Amino acid sequence: MPSSPPSDTDGAAQFVPEGKSWAALRSAAEGCRGCDLFHDATQTVFGEGPVPARLMMVGECPGDREDTDGHVFVGPAGRLLDKAFAAAGIDRSKTYLTNAVKHFRFTERGKRRIHQTPRRSEVVACFPWLREEIRVVKPRLVVVLGSVAAKALLGPSFKLTEHRGEVLEHDGLRVGVTVHPSAVVRAENFGEAFDAFVADLEAVRKA
Ligand code: URA
Ligand code: SF4
């Protein structure tokens, strides 16, 4: 029987070169077709930062700006993150930043591209890249920014609101939990949301 050709449902695993360097992973990820998101997005947005790094942060998926620029956290969420890092005493240049899903998911409304939360199936499909990033970056602490990243690493039933500001042990990994910077940008009471975000970052950084 001929083996069936790779399909969208097989996930990223078939595109991940095992045991390779960060540069080899990033380059292989450019050609990933592990789920449908590569169709409409401009490019794969792989994680960036020092390798190895003591601190790694995981967001949700690239936004509109990240999709066109090819870099993580360069849009509004990234600017908020920079402000929060400054307030919490975190050096972005020493932090490896990535996302649970490496392609932008959106719908078009007129000329605007509106971000959509990735589906669980896309998070699962993309997980092999995150797993390999953790292997090569060897972080002492991984901070999950928001529920999508938290569920990617800690399981689908994880409740972010019950654990924000905490550091948990999971599969030999230390995982710090906080909200997504976009949730802070959109918050009704921005000042309060920003202060709570900074407090979470300080708490997990000290842990
Ligand atoms: N939101 C994310 O989760 N990641 C980015 O890179 C940008 C916005
Ligand atoms: Fe591959 Fe992830 Fe992009 Fe899907 S989102 S095509 S799994 S890199």
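Each ligand, and each atom within it, is numbered from 1 in the order the structure gives. Source: prediction; values computed, not measured.
Linking ILVMFWY residues whenever their side-chain heavy atoms come closer than 4.5 Å, directly or via other members, leaves Phe127 and Val123 in distinct clusters.
Under the 4.0 Å criterion applied to side-chain N and carboxylate O atoms, Lys151 and Glu122 are not assigned as salt-bridge partners. A salt bridge links Arg135 with Glu132: the distance from a Lys NZ or Arg NE/NH1/NH2 to an Asp or Glu carboxylate oxygen falls below 4.0 Å.
Metal site remark for atom 1 (Fe) of ligand 2: Cys35 contributes no N, O or S atom at a distance under 2.8 Å. Within the coordination shell of atom 3 (Fe) of ligand 2, defined by N, O or S atoms under 2.8 Å, Cys32 is absent.
Within 6.0 Å of CZ in Arg131 there are more than 12 heavy atoms belonging to other residues, nucleotides or ligands.
Those atoms of ligand 2 that come under 4.0 Å of a heavy atom in Val101, given as number and element, are 5 (S). Per-residue contacts place Gly59 under 4.0 angstrom from the following atoms of ligand 1 (heavy atoms of the residue considered): 3 (O). Ligand-side atoms of ligand 2 in range of Cys126: 2 (Fe), 5 (S), 7 (S), 8 (S), range being under 4.0 angstrom from any heavy atom. Of all atoms in ligand 2, listed by their number and element, those nearer than 4.0 Å to a heavy atom of Gly34 are 1 (Fe), 6 (S), 7 (S).
Relative to the ring axis of Phe106, Arg113 places its NZ or CZ within 45° and under 6.0 Å from the centre.
Only the side chain of Glu66 comes within 4.0 Å of ligand 1, counting heavy atoms alone; its backbone N, CA, C and O stay farther away. Under 4.0 Å from ligand 2, the heavy atoms of Trp129 that appear belong solely to its side chain. By the criterion of a heavy-atom distance under 4.0 Å, the side chain of His180, and not its backbone, is placed next to ligand 1.
Taking distance alone, with nitrogen or oxygen atoms compared against 3.5 Å, Gly63 stays at or beyond that limit from ligand 1. Residue Ser182 places no N or O, backbone or side chain, under 3.5 Å from any N or O of ligand 1.
Atom 3 (Fe) of ligand 2 has its closest protein heavy atom at His103 ND1, 2.1 Å. Taking atom 2 (C) of ligand 1 as the reference point, the nearest protein heavy-atom neighbour is Cys61 O, 3.1 Å. Atom 4 (N) of ligand 1 has as its closest protein heavy atom Asn99 OD1, 2.7 Å.
Looking at every heavy atom in both residues, Ala12 comes nearest to Cys32 through CB-SG, 3.8 Å.
Between Lys102 and the options Glu30, Glu60, Glu133, Glu66, a salt bridge (Lys or Arg N to Asp or Glu O under 4.0 Å) holds for only Glu133.
In this pair, Tyr96 and Trp22 present their aromatic rings perpendicular. The plane angle is above 60°, beyond the 30 to 60° band.
Looking at His163, its side chain never comes within 3.5 Å of a backbone N or O of Val177 through a donor-acceptor pair.
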